[in-house]
Amino acid sequence: MRLTILGGGGFRVPLVYRALLGDRGQGRVTHVTLHDLDPSRIAAIGRVLAEQAREVPGAPEVRITTDLDEAVTGADFVFSAIRVGGLEGRAMDERVALEEGVLGQETVGAGGIAYGLRTLPVAVHIARRVAALAPDAWVINFTNPAGTVTEAMSRHLGDRVIGICDSPVGLGRRVAHALGVDPSAVRLDYAGLNHLGWLRAVRVGGRDLLPGLLADDAAVTSFEEGKLFGGEWLRTIGAIPNEYLHYYYFHREAVEAARAARSTRGALLIEQQRRFYGGTGGSALELWESTRLERETTYMAENREAAGAGERASSDLASGGYDRVALALMRAIALDERTTLILNVRNRGSIAALDEDAVVEVPCFVDANGARPMVVDPLPGHAQGLVTSVKAAERAVIEAAATGSRRAALRAFAVHPLVDSVALAGRLLERYERELPQLGYLGGGN
């Protein structure tokens, strides 16, 4: 089986390759093509993969290219994990928004909108090339903002593009541990959009264990989400939100913490990864692993500080999130190993408040025919309101990227729940246009 990774010089690629090395079953990946526009980054990752593969019999062969058409031709699966504008673009997204007094997070609020506006044209180009050169390939999208990007790509690839995220599986694993049950025995009732979802039930043997967990304050505050949100708020809404909902429920505190931090998350990652990508001599794998641990330790640090949640649990520092989801998804499709995974797919009636083609994040039944969303219980009013508002902003981003409409881009900022003024939306758009040349495609329409 042949796998192509777009964004092959990305820092998390060794996680995927490590998962592939551990897969010794029938129908495993035998060839990996790494594609990236930066030869130095892809060479650095290539050195890590070579060390990982050392003394592993039958390790997948790795090929490197900077040519997109060459990379996707003949692929069975294409992982899309690109970052348009690099970490420098992310740092600019964050800085501009924070200077205007609103959230600049990579996928949430103004920062996520700016990132989407410059990413979607590239993602759509990729979708068109895959459709032309590898029409039978399945595209697994890791690129953020994952829900928006997956929906834009689905207009060209249909159901053959599936978005994945490690947040829901991480939440499910932490909740299972808090309950003292095997994560593989748990059935999760989870629904929403990417980085905007709620865990509403945790069933083991047909019994929902979530009410008991919420009632036990010591247990519910023993893991990341309980510490972030507090047991009383979780009991108030009767669910456990995705960790990214901290930006909505505690918006003022999150903005204040981000503005007080020494640097934004993007700027911190630039500093951390400069040491890895610029490293010479010694073990590339050891340098990558130490940088990865530092990255995981500082993940959502401002949110934890704002909530008084303390340091991340040691169990959360180990990798094994989206890479395992990707491997399980590939095997389910390629080998008809039927399973259930929480994925980003077209709605198809799963969430009643949204139309058929809106990409949602819900449990899906996966087999050789792809991923099919399960119908979930209706979202409560407070969650439905957030979901429909954020989906409207996502749709405006997709429209702006597809048509060049500046009005659509302005609407994307203005209707988002975390941007509280049309005048502010206009200032944000003007600043992003001025400071991020990748937004230069805007303005071609009205």
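Once rounded to the nearest 0.5 Å, the distance linking CG of L193 with CG of N347 reads 9.5 Å. A distance of 10.0 Å separates OG1 in T340 from CG in D367, rounded to the nearest 0.5 Å. Taking CG of D36 as the reference point, atom CD1 of I82 lies at 10.0 Å (rounded to 0.5 Å). Here E433 contributes atom CD and L428 contributes atom CG; the two are 11.0 Å apart, rounded to the nearest 0.5 Å. Remark: L245 CG to S167 OG distance equals 10.5 Å, nearest 0.5 Å. Separation of atoms CZ (F276) and CD (E289) is listed at 11.0 Å; rounding is to 0.5 Å.
A salt bridge between R12 and D166 is present, with a side-chain N of the basic residue lying under 4.0 Å from a carboxylate O of the acidic one. One finds no salt bridge joining R173 and D182 here, because no Lys/Arg side-chain nitrogen approaches an Asp/Glu carboxylate oxygen to under 4.0 Å. With respect to R346 and E356, no salt bridge is recorded, no charged nitrogen being found less than 4.0 Å from a carboxylate O. Using a 4.0 Å cut-off between a side-chain N of Lys or Arg and a carboxylate O of Asp or Glu, R407 and E399 do not qualify as a salt bridge. With salt bridges taken as basic N to acidic carboxylate O contacts below 4.0 Å, none links E88 and R83.
In this structure the side chain of E224 never reaches within 4.5 angstrom of the side chain of L171, judged on heavy atoms. Counting heavy atoms from C-beta outward, V360 and N344 have side chains that stay 4.5 Å or more apart. P14 places a side-chain heavy atom less than 4.5 Å from the side chain of I45. Taking 4.5 Å as the limit, some side-chain heavy atom of V16 sits within range of a side-chain heavy atom of F79. Here the side chains of L418 and Y248 are in contact, with some heavy-atom distance below 4.5 Å. The side-chain heavy atoms of L120 and T148, taken from C-beta on, include a pair separated by under 4.5 Å. In this structure, T339 and F365 have side chains that are not in contact, with every pair of non-hydrogen atoms separated by 4.5 Å or more. Counting heavy atoms from C-beta on, the side chains of T150 and V139 never come closer than 4.5 Å.
Every pair passing side-chain hydrogen bond (donor to acceptor under 3.5 Å, both in side chains) that includes a residue from residues 126-140 is listed here, sequence neighbours excluded: D69-R129. A ring-ring contact (aromatic ring centres under 6.0 Å, His included) check over residues 40-64, counting only residues at least two apart or in different chains, returns nothing.
With sequence neighbours left out, the salt bridge (charged side-chain N to carboxylate O under 4.0 Å, His left out) criterion links E99 to R95, R431. Looking at residues two or more places apart in sequence or on another chain, you find a side-chain hydrogen bond (donor to acceptor under 3.5 Å, both in side chains) between R41 and Y277. Residues forming a ring pair (Phe, Tyr, Trp, His ring centres under 6.0 Å) with F413 (at least two apart in sequence, or on another chain): Y432. The ring pair (Phe, Tyr, Trp, His ring centres under 6.0 Å) search around Y190 returns none, not counting sequence neighbours. For A127, the side chain to side chain contact (heavy atoms under 4.5 Å, CB included) criterion is met by M153, H156, L157, not counting sequence neighbours. Residues that satisfy the side chain to side chain contact (heavy atoms under 4.5 Å, CB included) test with T65, not counting sequence neighbours, are T33, H35, D67, E70, A71. For D189, the salt bridge (charged side-chain N to carboxylate O under 4.0 Å, His left out) partners are R200, not counting sequence neighbours. Remark: F250 engages H246 in a ring pair (Phe, Tyr, Trp, His ring centres under 6.0 Å) (not counting sequence neighbours). Checked against ring pair (Phe, Tyr, Trp, His ring centres under 6.0 Å), Y17 has no partners two or more places apart in sequence or in another chain. In this view, A146 and N141, N144, N194 satisfy the side chain to side chain contact (heavy atoms under 4.5 Å, CB included) rule, not counting sequence neighbours.
Scanning all heavy atoms of the two residues, the minimum distance from V102 to A110 falls at CG2-CB, 4.2 Å. Residues L117 and A400 come closest through the heavy atom pair CD2-CB, 3.7 Å. Contact between P60 and L21 at its shortest, heavy atoms only, is CD-CD2, 3.7 Å. Minimum heavy-atom separation, A53 to A59: CB-CB, 3.7 Å. Counting all heavy atoms, side chain and backbone alike, I126 lies closest to S80 at CD1-OG, 4.4 Å. Nearest heavy-atom pair across A152 and I398 is N-CD1, 4.1 Å.
A cation-pi arrangement is not found for R292 relative to F11, the charged atom failing to lie both closer than 6.0 Å to the ring centre and inside a 45° cone about the ring normal.
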- Query: Can you list the steps and then say if R427 with E100 is a salt bridge (Lys or Arg N to Asp or Glu O under 4.0 Å)?
  - Reply: CA-CA 8 Å; R427 291 199 304 273; E100 294 291 343; 3.2 Å; yes
- Message: One pair to check against side chain to side chain contact (heavy atoms under 4.5 Å, CB included): V149 and Y115. What are the steps and the verdict?
- Response: CA-CA 10 Å; V149 171; Y115 186 27; over 6 Å; no
- Message: For I164 and F142: C-alpha separation, side-chain torsions, deciding distance, then whether side chain to side chain contact (heavy atoms under 4.5 Å, CB included) applies.
- Response: CA-CA 6 Å; I164 67 171; F142 301 173; 2.8 Å; yes
- Would you check, one step at a time, whether the test salt bridge (Lys or Arg N to Asp or Glu O under 4.0 Å) holds for D93 with R118? CA-CA 11 Å; D93 294 340; R118 71 170 180 275; 2.9 Å; yes
- Take L3 and D76 through the test side chain to side chain contact (heavy atoms under 4.5 Å, CB included) and record every step on the way to the result. CA-CA 6 Å; L3 168 65; D76 298 299; over 6 Å; no
- Tell me, with the steps shown, if E256 and R259 meet salt bridge (Lys or Arg N to Asp or Glu O under 4.0 Å). CA-CA 5 Å; E256 288 174 4; R259 297 183 79 174; over 6 Å; no
- Given side chain to side chain contact (heavy atoms under 4.5 Å, CB included), test L199 with N242 step by step and report yes or no. CA-CA 8 Å; L199 179 61; N242 181 293; over 6 Å; no
- Task: For the pair E151 and R155, evaluate salt bridge (Lys or Arg N to Asp or Glu O under 4.0 Å) and give the outcome as yes or no after the intermediate values.
- Result: CA-CA 7 Å; E151 183 164 333; R155 298 183 180 187; 3.7 Å; yes
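Checked options R265, H195, R90; the residue passing with E106 is R90 (criterion: side-chain hydrogen bond (donor to acceptor under 3.5 Å, both in side chains)).
Heavy atoms from other residues, nucleotides or ligands lying under 6.0 Å from CZ of R187 number 12 at most. For E51, the CD atom counts as densely surrounded, since its 6.0 Å shell holds more than 12 non-hydrogen atoms of other residues, nucleotides or ligands.
R160 places a side-chain N or O within 3.5 Å of a backbone atom of A137 that can act as its donor or acceptor partner.
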